[in-house]
Engineer: 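Quick one: the structure is below, questions incoming.
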Amino acid sequence: MKQSCPKCHTIVEINEKEYRPGEKVNRQCPLCDNILTFDIPKEEKKEVVVKEVESEEAKKRIAELEKKVAELEKAKKESQLARQSAQVSSQPAPRQQQPLPPKATTPPQRPITPTPKPITPIPIKKRRTGTIIFFILIGILLAIAGTVFGIFYHNNIYLPKKIDREAPRYYVIGQPNLALRSTCFIDNDKSRKKYNEVTRADYGTELIYYGDKYNPPVKKVYKMYNVPYLEPDWCFVKIAHPYSNDQKQPGCAKTEYILNTQDFILLSSIWGNAGCDTIIKYTTAYEKKVLMNHVKNLPNVNTRDEGNKIDNPWQIYSNGVRPKDNGPDAFKKREGLKTIDGQKFSFFAVIITNDITKEYRCILYTIQDDSATLRVDQPVDYPYIETVTYNKNYDYFDIDYAS
């Protein structure tokens with residue numbers, strides 16, 4: 001007798017003949033020490049089944065015996081009838097009764113039990129039409145849902161990200177910051193100046209530039225954000241790396257306050273030290289562009305497209321003095337001046353240094369009606385400007401330098 005351990009599934013075997021029937025035997029598993037119980041089966045009474053064996057000789061013997069028995073019974077009956085007829089002859093003859101024929105005796109036979117034929121079950125075909133239609137409908141619904149989700153994902157997630165990834169980058173050069181507006185309109189009323197502002201971007205903020213007019217690559221973005229009509233000097237941008245939720249919303253901006261990547265890298269290469277923060281703060285976007293365009297045309301300045309690298313040896317080293325204050329500095333600026341005929345203008349003067357040749361150059365631009373004119377461009381021996389004086393009668397600038 002064998003039994004498997006329920007814990008480790010080890011086969012444990014005993015000889016049931018060594019124990020009494022009906023006895024319970026406990027054995028310990030050799031691996032996990034689990035106790036296994038064996039029930040010795042009880043003895044069952046054996047029934048002796050005698051099978052009748054019929055042979056040809058036995059059948060012949062039985063037939064002969066049956067024939068002899070029939071003859072003996074017939075002779076016995078005839079002798080009895082003869083006695084009765086002799087006794088009755090002396091009495092009036094009654095109505096003769098015919099003797100009953102002898103009953104034929106047949107040997108007992110075993111009842112024949114008909115062998116039942118095996119019943120073969122008839123296979124019932126299940127109707128699977130409903131199940132097939134159900135799965136077809138499920139497949140159609142899943143296909144429709146996948147198509148709708150794919151269209152939604154492509155139009156609202158993939159396409160805007162692709163446009164943002166491939167759109168050119170521009171940078172803010174306005175000070176103190178640039179306002180992104182919901183419409184191409186600036187209200188001069190101070191109380192209503194911020195009514196259409198979406199967010200603000202500081203100097204040097206990277207912007208995603210969608211363009212200054214409607215075009216097919218960004219038509220979906222314009223439709224998504226409901227962009228208003230863009231004026232000729234406006235563009236549609238968005239902060240590339242927002243720090244808050246309000247900066248994620250795109251808006252309209254003035255094109256004069258932004259620069260493309262290459263020009264902004266060139267402009268940034270002009271600032272030689274931390275003192276130039278005052279120049280960045282107190283100059284307008286137009287003055288920065290004038291200064292950048294002047295440096296771009298200087299000798300030994302190389303702008304390469306590979307990785308937006310700029311080779312620029314010309315830089316400004318400032319003391320950090322405000323342009324309007326007295327004291328030596330590399331940058332001076334004045335506004336609200338008038339010529340002899342009464343026309344208003346402003347100017348800025350700056351000394352730029354060549355780091356390779358240690359050469360100093362002083363340049364001075366006058367700005368009138370958004371038009372810049374170069375008035376001074378000469379080499380000097382000093383790195384700073386002390387004062388700049390304008391003689392209205394002779395339209396002349398007198399510059400004092402300092403070391």
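In this chain, numbering begins with 1 at the start of the sequence shown.
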Engineer: Between N326 and R334, which heavy-atom pair has the shortest distance, and what is it?
Structural biologist: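 Smallest interatomic distance, heavy atoms only, reads OD1-NH2, 4.5 Å.
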
Engineer: Decide yes or no for V148 and I151: does some side-chain heavy atom of the first lie under 4.5 Å from some side-chain heavy atom of the second?
Structural biologist: no

Engineer: Quick check on F348: does its CZ atom have over 12 non-hydrogen neighbours (other residues, nucleotides or ligands) under 6.0 Å away?
Structural biologist: yes

Engineer: If you apply the rule salt bridge (Lys or Arg N to Asp or Glu O under 4.0 Å), what do you find for K60 with E64, and how did you get there?
Structural biologist: CA-CA 6 Å; K60 290 179 180 180; E64 291 175 356; over 6 Å; no

Engineer: Under 3.5 Å, side chain of N391 to main-chain N/O of N393, donor-acceptor pair present?
Structural biologist: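 Checking the backbone N and O of N393 against the side chain of N391, a donor-acceptor pair under 3.5 Å is found.
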
Engineer: Are any of the side-chain nitrogens in E359 or R361 under 4.0 Å away from the carboxylate oxygens of its partner?
Structural biologist: yes

Engineer: Under 30°, 30 to 60°, or over 60°: which ring-plane class applies to F264 and Y171, parallel, tilted or perpendicular?
Structural biologist: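 Geometry flag for Y171 against F264: parallel rings.
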
Engineer: I351 versus Y401: any side-chain heavy-atom pair under 4.5 Å?
Structural biologist: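 SC-SC contact between I351 and Y401 confirmed.
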
Engineer: As a quick check of understanding, evaluate salt bridge (Lys or Arg N to Asp or Glu O under 4.0 Å) for R375 and D395, giving each step before the final call.
Structural biologist: CA-CA 10 Å; R375 300 293 299 271; D395 192 21; 3.2 Å; yes

Engineer: Please round to the nearest 0.5 Å and tell me the distance separating atom CD of Q343 and atom OG1 of T366.
Structural biologist: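 Atom-to-atom, Q343:CD and T366:OG1 are 11.0 Å apart.
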
Engineer: How long is the straight-line distance from OG of S244 back to CD of Q249, given to the nearest 0.5 Å?
Structural biologist: 12.0 Å

Engineer: Can you check whether S269's main-chain N or O pairs, donor with acceptor, with W314's side chain at less than 3.5 Å?
Structural biologist: no

Engineer: What pair of heavy atoms forms the shortest contact from F38 to K2, and how long is it?
Structural biologist: CE2-C, 4.1 Å

Engineer: When you look at N196 and T183, which way does the side chain to side chain donor-acceptor pair (under 3.5 Å) test go after all the steps?
Structural biologist: CA-CA 7 Å; N196 63 344; T183 58; 3.0 Å; yes

Engineer: Quick check against the 3.5 Å criterion: does K333 have a side-chain atom that pairs as donor or acceptor with the backbone of A349?
Structural biologist: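 Between the backbone of A349 and the side chain of K333 there is no qualifying donor-acceptor contact (under 3.5 Å).
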
Engineer: Between S318 and A330 (side chain of the first, backbone of the second, donor and acceptor by atom type, cut-off under 3.5 Å), is there such a pair?
Structural biologist: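 Checking the backbone N and O of A330 against the side chain of S318, no donor-acceptor pair under 3.5 Å is found.
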
Engineer: So V350 and I363, side-chain contact (heavy atoms from CB on, under 4.5 Å) or not? Walk me through it.
Structural biologist: CA-CA 6 Å; V350 62; I363 59 174; 3.4 Å; yes

Engineer: Show your reasoning for whether side-chain contact (heavy atoms from CB on, under 4.5 Å) applies to D233 and K254.
Structural biologist: CA-CA 6 Å; D233 55 344; K254 297 278 286 184; 2.7 Å; yes

Engineer: Looking just at side-chain N and O atoms, do Y384 and N319 make a donor-acceptor pair shorter than 3.5 Å?
Structural biologist: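 Distance-only check passes for Y384 and N319.
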
Engineer: Measure the CG-CD1 distance between N312 and I265 for me, rounded to the nearest 0.5 Å.
Structural biologist: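 Between atom CG of N312 and atom CD1 of I265 there are 12.0 Å.
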
Engineer: Hey, mind stepping through T199 and I239 against side-chain contact (heavy atoms from CB on, under 4.5 Å) and telling me if it holds?
Structural biologist: CA-CA 9 Å; T199 184; I239 296 178; 4.1 Å; yes

Engineer: For K248 and P242, which heavy atoms make the closest approach, and how far apart are they?
Structural biologist: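 Heavy-atom minimum between the residues: CG-CG, 3.7 Å.
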
Engineer: May I ask you to check whether Y317 and D355 show a side-chain donor-acceptor distance below 3.5 Å?
Structural biologist: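 Result is yes, a qualifying pair exists.
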
Engineer: Would you say the side chain of I316 lies within less than 4.5 Å of the side chain of T353, judging by non-hydrogen atoms?
Structural biologist: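 A side-chain contact is absent here, since even the closest heavy-atom pair is not under 4.5 Å.
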
Engineer: Decide if atom CD of E57 counts as having more than 12 heavy atoms of other residues, nucleotides or ligands within a radius under 6.0 Å.
Structural biologist: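 No, the 6.0 Å shell around CD holds no more than 12 heavy atoms from other groups.
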
Engineer: C235 and C252: side-chain contact (heavy atoms from CB on, under 4.5 Å), yes or no, with the steps?
Structural biologist: CA-CA 6 Å; C235 62; C252 304; over 6 Å; no

Engineer: Show the numbers, then the answer: is there a side chain to side chain donor-acceptor pair (under 3.5 Å) between T387 and D400?
Structural biologist: CA-CA 5 Å; T387 57; D400 294 332; 3.0 Å; yes

Engineer: Does some side-chain heavy atom of C362 sit less than 4.5 Å from a side-chain heavy atom of I385?
Structural biologist: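 Sidechains of C362 and I385: in contact.
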
Engineer: Once you round to the nearest 0.5 Å, how far does OG1 of T284 lie from CD1 of I367?
Structural biologist: 5.5 Å

Engineer: Using modelled atom types and a 3.5 Å cut-off, is there a donor and acceptor pairing between side-chain atoms of R169 and backbone atoms of A167?
Structural biologist: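 Flag set: sc R169 to bb A167 pair under 3.5 Å.
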
Engineer: Give a yes or no answer on whether the side chain of K288 reaches the backbone of T283 with a donor-acceptor pair at less than 3.5 Å.
Structural biologist: yes

Engineer: Is it the case that D164 and Y210 place a side-chain donor and acceptor less than 3.5 Å from each other?
Structural biologist: yes

Engineer: For the rings on F347 and F397, is their centre-to-centre separation under 6.0 Å?
Structural biologist: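 Yes - the distance between ring centres of F347 and F397 falls below the 6.0 Å cut-off.
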
Engineer: Taking the side chain as every heavy atom from C-beta outward, state whether L267 and I173 have any atom pair closer than 4.5 Å.
Structural biologist: yes

Engineer: Evaluate Y365 against Y286 for ring pair (Phe, Tyr, Trp, His ring centres under 6.0 Å), listing each step before the verdict.
Structural biologist: CA-CA 12 Å; Y365 276 91; Y286 182 75; 9.4 Å; no

Engineer: Looking at every non-hydrogen atom in both residues, tell me the closest pair between V290 and A372 and how far apart they are.
Structural biologist: CG2-CB, 3.7 Å

Engineer: If you take all heavy atoms of L180 and G251, which pair is closest and at what distance?
Structural biologist: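 The pair with the smallest heavy-atom distance is CD2-N, 4.1 Å.
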
Engineer: Which heavy atom of G327 sits nearest a heavy atom of K332, and at what distance?
Structural biologist: O-NZ, 2.5 Å

Engineer: With no hydrogens and no angle check, do the side chains of D398 and T389 hold a donor and an acceptor under 3.5 Å apart?
Structural biologist: no

Engineer: Can you tell me if D263 uses its side chain to pair, donor with acceptor, with the backbone of L259 under 3.5 Å?
Structural biologist: no

Engineer: Just verifying a value: how many Å separate K77 NZ and L72 CG, rounded to the nearest 0.5 Å?
Structural biologist: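 That separation rounds to 12.5 Å.
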
Engineer: Is there side-chain contact between E73 and E71, with heavy atoms separated by less than 4.5 Å?
Structural biologist: no

Engineer: Assess the side chains of T37 and K24: does a donor N or O sit below 3.5 Å from an acceptor N or O?
Structural biologist: no

Engineer: For a 4.5 angstrom cut-off between non-hydrogen side-chain atoms, does K296 reach L266?
Structural biologist: yes

Engineer: What's the separation between atom CG in N354 and atom OG1 in T357, rounded to the nearest 0.5 Å?
Structural biologist: 3.0 Å

Engineer: Do L178 and I258 have side chains that get closer than 4.5 Å, going by heavy atoms?
Structural biologist: yes

Engineer: Quick check against the 3.5 Å criterion: does N156 have a side-chain atom that pairs as donor or acceptor with the backbone of F152?
Structural biologist: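 Yes.
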
